[in-house]
Each structure stands twice: as C-alpha cells, then as structure tokens.
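The block underneath contains the structure these notes are about, expressed in structure tokens.
These numbers come from the heavy atoms of this one structure, side chains and all, not from hydrogens, waters or symmetry mates. Numbering of residues begins at 1 and proceeds along the displayed sequence.
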Amino acid sequence: MTPRPSSSGPDPEETAAKKAAAKETTTGKKATAKKTAAKKTVAKKAVAKKAVAKKAVAKKAAAEKTVGKKSVAKKSVAEKASGSRASGRKASGKKAVPAAVRPVEAPASPALDAADRERLLAGTHHDPHTVLGAHPVPGGVAFRVLRPYALAVSVLTGELRTELRDDGDGFFSGLLPLGEVPAYRLLVTYEETVQEAEDPYRFLPTLGDLDLHLIGEGRHEQLWQALGAHPTVHEGVAGTRFTVWAPNARGVRVAGGFNFWDGTGHPMRSLGATGVWELFLPGIGTGELYKFEITRPDGSRTFRADPLARRTEVPPATSSVVHASDYTWGDAQWLARRAEAPAHEAPMSVYEVHLPSWRPGLTYRELAEQLPAYVGDLGFTHVELMPVAEHPFGGSWGYQVTGFYAPTARLGDPDDFKYLVDRLHQAGIGVLMDWVPAHFPRDDWALAEFDGRPLYEHSDPLRAAHPDWGTLEFDFGRREVRNFLVANAVYWCEEFHIDGLRVDAVASMLYLDYSREPGQWTPNEHGGRENLDAVAFLQEMNATVYRRVPGVVTVAEESTAWDGVTRATHHKGPSGFGGLGFGLKWNMGWMHDSLQYMSHEPVHRKYHHGEMTFSMVYAYSENYVLPISHDEVVHGKRSLVSKMPGDWWQQRANLRAYLGFMWAHPGKQLLFMGQEFAQGAEWSEAHGPDWWLLDPEYGAAADHLGVRDLVRDLNAAYRATPALWRCDTHPSGFAWVVGDAAEDNVLAFLRLDADGAPLLAVSNFAPVVRHDYRLGVPDDVPAWHEALNTDAARYGGGGVTNPDPVKPEALGWHGRPASIRLTLPPLATVWLRPA
C-alpha cells in the first residue's frame, strides 16, 4: 500500500539539497561567464517556483533557497558531463566543434500537455509509457511522474537527487540536462512517510511478440501464463506483471490495496490490435489484492475482477489476489501410469463430492487427510469434485462461475487445492472436476460486458441470454473467447494435475433453440438448429486437452441423442459432423429410465420392463457413464433410497438390488455422496451427508452400514473382474440371457472380457423368492459360484443365497446349450462367476 509519510523529523529534501550544494563547491572554480549564467538560471527557476507554489511566505522563501541550490548542482553536473563528452571526442581523433558555432536548442518544457494530462486523469490514455517516465527531449531528459497522493517527488540518479516540480493533480515533472536517460529511482514523499521506489513507466513491455501473436490468433494454449497477474523479475527488478484483454476499453488502470483502490496513478498501456493491456508494477508481490479499473466506451468506469486471476478473495469479497505457486508435487508415479489404458477400457467407479459440504468446515488440507482414506476404503477409482472454480453462492453446485482460473478460496489457496489432488493421487485415486464452459453469471464485477460492451458473451442479446438460468452464454464464435475456455481446460489439467473434466450442460451449448420458443432463436447458416460455433469449440477443446495431457479424460453431461459425442473429431457421422471428441458421456437416458422403473411398486414393474432393457438398444452408440448424481437426488427429487417403494426393509433391498444391477451394466459408475450408505434425506449445503446414521450408538446404524459395505464389495469385485470393464464399449462384452421376463421382474445377462471369461448377473426386482429359476448359460463353464449377493445378511438382507457351486445341466434354455437352476432372493441382484 502507498504509505502516508510522517510530518515530523528533519526534511529529507532540504538535507539532500544542502549535500548537493556542498558537493558543488568541491568541483573547482568555473569561468566567470558560466557562474553568471548559472545565477541567471537559478533566479529564473526561483521566480517560476514562486509562481507555481501556493505556500505560506516563510515556506515559499525556504523553497526558493532549496531550488536555487539544486539548480546550481544541476549546472555543475551538466558541465562535468559536457567536459567528459568533449574529452571523449578528442580522444577519438574527431575535431570538437567550437561552442560558438554549435546550434542551440531551446529546452523543452517537461510538463505534460493538456491533452495527455486530461486523458490520464480520465483513465483513457492508451500509451501512458510514452509520456510518463523519463524521455530525451531538447535540452536534456524530461521526467514525468503521476502520483496522486504524493506531496513531493524527487528523481535519484546516482548520488544526485533532483526534486520535480509539482504540476498539480498528482503530476510532477522536471528537466535534467543529461545526454541520455540514466538509471534512476523515485523518492516519493507522502503525508506520513517517504518511499524510494522504481518508476513503473521506465520498463519495456513484459509480453513478447509471440504471446501477442498467439493471443491475437486465439491459439495461446497456456493463456494463463500470458494474461493475469504474475509476480516476476523484469529487467532485474522484482514486481508483478498485470495483463488483461479488454479491446473495447478506452483505458484500463490497475487498482488495489497498494494504491488505495485508486488506479489513477497506474494506467496500463494497450499493446496494439490484440486488445491486451499491460503494466509492470515494481515492488508488488504475492498476496496483494487488485482489480482492473476499466473506462468503458461511454466514459463510465467499472472495477472488474481479473478473468484470469489464479486466486481470489473469500466470497462474498470479490477482489483478485496476486498469486505465485511454490507447490512441489509428489504424484509422479500416478501421472506416469494413468495413460497406460484409455478410460473406457479401464475400471472407473466415481464418488461424487460436493467439497464444501462433504465434511462442513474442513479446508482443502483437512479434506486431504480424510477424503482419500474414505474413498480408498470404499474402493472407488475416482472422485468427481464440485464446485472447484470460484463462484458467488457457496450453497450451490458452483455452476455460475466468476473465477474460471481460481479454485474457490472458501477452502484455502490454490496450493492447498493442489495438496488435496496430490494426496488423492498418492492414494491411487483419480480426480475429475466439474467444468462449466457453457455460461457465466451477470455479476457486474465479473465477465458480463467486461469492457463496456458484450465481450465474453454473444453480441446478439437472444444468443447471449440463457433462458433457464438467467446467465449469459459464451460467444463460442469469437476466437479469443474460445481461447479463454480451451486454455482453461488445459490449465486445470496441467497446473492442478486434474485427471478429467466433466463438462456441464453440453446440450445447452449444442442447440440454438435450447429452451427457446419459436422466434427466439435464429437458425445457423445451413438453416439448422445446431450451434456450429459451440461444436467447433468443443472439438477444439477436446483435441487440445487430449494432445497436451496424456491420460486425461473428458466427460460430457449431454442429455440428448447428439450423434458422435464420444467419436473422434476427425470422424464424420451420419449427420455430417465430426465427433465432439469426448472420452465419455453421461447416460442420462439410462438414469431416468432405470430410476423411473425402480420407483414403481413391484406389482407394476412388469408394465415398465422396457425401461430397464432399452438402454442396451443404444449402449454402444457412445462411451457411457451411469450417473446417479446430484441432479437426481437433490432439490425435491428425494435421495436414492427414498425413491424406492415399500417399507424401510424393501426400500433398502430395492436400493441394494439396483446398485448391483448398475455395477454390472455396461458403463462406468458414478454415485453421489451420501447414497453409498442409504441416506434418507436429501443433500443439504448446510450440513452435508448425514454421517450420524453410521454412528454405532444410532439404533438403525447397521442398516446404513450394510449398504456401505455392499458398495465397498461391489467396487472390489468390479475392479477384480475385467469382464465388467475391459469391453465396456464393445458389443462383444455383453450378452442377454433373458431380457423379456417382464412377468417375473427378472433380468439376466452375461458380461465378458476380451478372452471371453464371463460374469453372470441376475436381478430379481420382485419381492418374492424364486426357487429353481432356470437360466441358459454357456456349456463351457463346469460350475458357477456366487461372487456377490445383495440379499446377504451382512448387507442387511434376508440371507437367501446360493452357497454351493451351481453346475450346469445339459438342458438348453434361453437359446443356450446348457442351463442352471438358481434360488433368486427377493429384491436382489446376484453375480456368479466360473468356479
């Protein structure tokens, strides 16, 4: 912060002037003519000083005396420099030009002209470095400084100190009779202190031509390294580089705690046609708060958080924070092996976590001590974290993002979040995060009309306004906006070692008529409803992420039948579009259909049997995740166990049978926190999961612990059984045994690995025991044993099991050469493997 100087103690300026005058007397006597000229100059400057100063009479006389002494000192230095230059010319063999015939230039006034002065005060100057700082002019070097709160400013060059003239409104200027711009610093006097500082306007730009070219082309894949606030050493001086893209701004200034949130003294320069503004501020380091003060096209001003800030204040405060990471990663082993197999050919069961409420009150580092242990104990391969990027409302999922490059500060700083990811990796757990490139909120300190006009949002109000959420949609057709988002995806993967991005609301991006009535949208250039800009953006994002970050996976939350969501971008489908390039897609159809089926009373399920089998009609059209996510178990939709019909025992039995069916079905698994132990209440941001249900002192704790034990065993069996994941996306990995037993509420199918090794999954969604239930099986398996039974007593079931190996009979059934007879427990799923 700019301190205020003390008004007591010796005057440092008068002391310096006396020293300068004393030094002058030791330089030897000068020619009488020069002395006379020096006196005239002193007199003229003293008169000028008197005219400008608005001081008391006594102070005015003292000021004139000090200025006179400094003027004499300046003259002496100039004579020395002149003599030295003359000696240099003689030594080089060049004939010196007599002083009498040399042309004499009239000294230039160092003060700013009225136009530059006005533009700087109004915050509309595009190139303050051309007028502020030190510049060669006729008669020497002009120094110009803008320090709104300063009482006085002096220039320090070597051992010389020269006080600049106070031009009013925070402007100071002076002309030193020097041949070139020297190395210098500023001595700035405030009300309560004196500060020695570097002049920000003596530095060359911190961004190079390559950065600016890539930004202009919209191809800067590490944009966060070019824009934003970066502590750095520039031209040997430590400070922070501030850069921001604001092409419509008439001017941009940096405001922060270091200048009392008044950006007047820190205008930024525009770097050509890129729309990028830049300023290097010496002495500013990590932890400083800042915003950009933008002058809009209409002349009004707005304070904006940095779109590429890597750290923010804790909401509801909205300032950006200068940040530099010093984190040392310890997950090299994880990163080295995560690319060994593509995600769709590897086991993936995901535990979805709302970080602020999983254990309310825990920080990132405290979560790092508990979350990996819990998830690892249950056997999940991944966690999916939300909300990660900074957002205004803490009780939300975080889908209205205001800080796309900043982990939410509610739980700690960015290095703390890295620590959480690192600890999860060291525990063998992958990390997915929810990523929201579809839209952003209208907060007047964030991205909305960032520089006074639509910038990140579409310029067409109908295209910009999201009809469902009151937010603004990104303009995917603008190359700089695409660059902002593509680089953001890369940023989380490269800087935070994120293993996958679950991309929210993809359907809302793909369709121009999404949630819009006729007349509220305009067709694309081909007359269709597809948002071609969004298609191109998603393809570019996926291609870039997969190229740059080996082993990463992108997951689309896409709720329609768009063709080719997980197809490669260079492979065109029947629609004529290349694939979007995602690795996986949420199977929203399976989620809705299966939960609809399970919500019916068993007596009615036979009329809805197709809701459980329809998913296999399209199961291999994409690479799917089966999501029992926050979307379906909050905000009035009831928790998973509460969706089930019947009494408490039947509800839990239905839930266990459903989980067994889900883990055996083709596709990856995703389960929202709290559902793993049959929490009856919906999620609440205030208290998170009902952990007290697992307290041994609670009478029904065994019911909840039994479901959690089942989830643990499902994950263990799943990971140990390649048939359940190796051919997840290929029809050869699945075969129906019986899919039409609607009257019985029974489903049975085989899962097969690449070598044909089978797992038989049988679900009985009726509340009755079915004895000697015959199922067709392959004839090359001599015996089957029960690998998992959701009705086992240890899970809270009735204990109806098949304890002994089951041998096939040479009786064809269900179109197969052999068959077995099983006892099917009520409301249960049974897995059998070759004995």
Pair Asp127-Arg269, salt bridge (Lys or Arg N to Asp or Glu O under 4.0 Å): steps then yes or no: CA-CA 5 Å; Asp127 200 358; Arg269 62 178 148 204; 5.1 Å; no
Side chain of [X], backbone of [Y]: donor and acceptor closer than 3.5 Å?
{"X": "Asp415", "Y": "Asp326", "value": "yes"}
{"X": "Glu685", "Y": "Ser396", "value": "no"}
{"X": "Asn483", "Y": "His220", "value": "yes"}
{"X": "Thr232", "Y": "His234", "value": "no"}
{"X": "His125", "Y": "Gly123", "value": "no"}

Tyr405, Phe440, Phe476 screened by ring pair (Phe, Tyr, Trp, His ring centres under 6.0 Å) with Phe484, the one that passes: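 Going through Tyr405, Phe440, Phe476 one by one, the ring pair (Phe, Tyr, Trp, His ring centres under 6.0 Å) with Phe484 is satisfied by Tyr405 alone.
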For the pair [X] and [Y], find out whether any cationic side-chain nitrogen is under 4.0 Å from an anionic carboxylate oxygen.
{"X": "Asp451", "Y": "Arg296", "result": "no"}
{"X": "Glu221", "Y": "Arg548", "result": "yes"}
{"X": "Arg219", "Y": "Glu540", "result": "yes"}

Leu362 CG to Leu411 CG distance, which is reported to the nearest 0.5 Å: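 Between Leu362 CG and Leu411 CG, I get 9.0 Å after rounding to 0.5 Å.
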From Glu293 atom CD to Arg301 atom CZ, the distance as rounded to the nearest 0.5 Å: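 Reported to 0.5 Å precision, the distance equals 5.5 Å.
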Does the side chain of [X] reach to within under 4.5 Å of the side chain of [Y], using non-hydrogen atoms?
{"X": "Glu366", "Y": "Leu420", "result": "no"}
{"X": "Asn488", "Y": "Pro437", "result": "no"}
{"X": "Thr544", "Y": "Val490", "result": "yes"}
{"X": "Pro205", "Y": "Leu271", "result": "yes"}

Cut-off 3.5 Å, side chains only: do [X] and [Y] have a donor facing an acceptor?
{"X": "Tyr511", "Y": "Thr560", "answer": "yes"}
{"X": "His630", "Y": "Glu352", "answer": "yes"}
{"X": "Ser559", "Y": "Glu557", "answer": "no"}
{"X": "Glu495", "Y": "Trp224", "answer": "yes"}
{"X": "Thr240", "Y": "Glu288", "answer": "no"}
{"X": "Tyr327", "Y": "Asp422", "answer": "yes"}
{"X": "Trp683", "Y": "Ser357", "answer": "yes"}
{"X": "Ser515", "Y": "Asp468", "answer": "yes"}

By side-chain hydrogen bond (donor to acceptor under 3.5 Å, both in side chains) - contacts of Arg529 (at least two apart):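 With neighbours one apart ignored, the set is Asp513.
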Which atom names give the shortest non-hydrogen contact between [X] and [Y], and what distance separates them?
{"X": "Ala464", "Y": "His458", "result": "CB-O, 3.3 Å"}
{"X": "Gly398", "Y": "Pro387", "result": "CA-CB, 3.4 Å"}
{"X": "Phe280", "Y": "Ala238", "result": "CZ-C, 4.0 Å"}
{"X": "Ala229", "Y": "Val322", "result": "CB-CG2, 4.2 Å"}
{"X": "Pro315", "Y": "Glu390", "result": "CG-OE1, 3.4 Å"}
{"X": "Thr471", "Y": "His439", "result": "OG1-ND1, 2.8 Å"}

Taking the six-membered ring of [Y], is the NZ or CZ of [X] close enough (under 6.0 Å from the centre) and on axis enough (within 45°)?
{"X": "Arg365", "Y": "Tyr419", "answer": "yes"}
{"X": "Lys418", "Y": "Phe496", "answer": "yes"}
{"X": "Arg502", "Y": "Trp435", "answer": "no"}

Can you list the residues that meet the salt bridge (Lys or Arg N to Asp or Glu O under 4.0 Å) rule with [X], with sequence neighbours excluded?
{"X": "Asp413", "answer": "none"}
{"X": "Arg516", "answer": "Glu473"}
{"X": "Asp499", "answer": "Arg338"}
{"X": "Arg310", "answer": "none"}

Selection residues 194-211 - residue pairs positive for salt bridge (Lys or Arg N to Asp or Glu O under 4.0 Å), sequence neighbours left out: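 Output for this query lists Arg185-Glu196, Arg185-Glu198, Glu198-Arg202.
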Parallel, tilted or perpendicular: which one describes the rings of [X] and [Y], with boundaries at 30° and 60°?
{"X": "His354", "Y": "Trp397", "value": "perpendicular"}
{"X": "Trp492", "Y": "Phe417", "value": "perpendicular"}
{"X": "Tyr456", "Y": "Phe474", "value": "perpendicular"}

CA sep, side-chain torsions, deciding dist, call: Val244, Met268, side-chain contact (heavy atoms from CB on, under 4.5 Å): CA-CA 9 Å; Val244 63; Met268 305 176 76; 4.2 Å; yes
Trace of the ring-ring contact (aromatic ring centres under 6.0 Å, His included) decision for His126 with Trp277: CA-CA 9 Å; His126 275 239; Trp277 300 75; 4.8 Å; yes
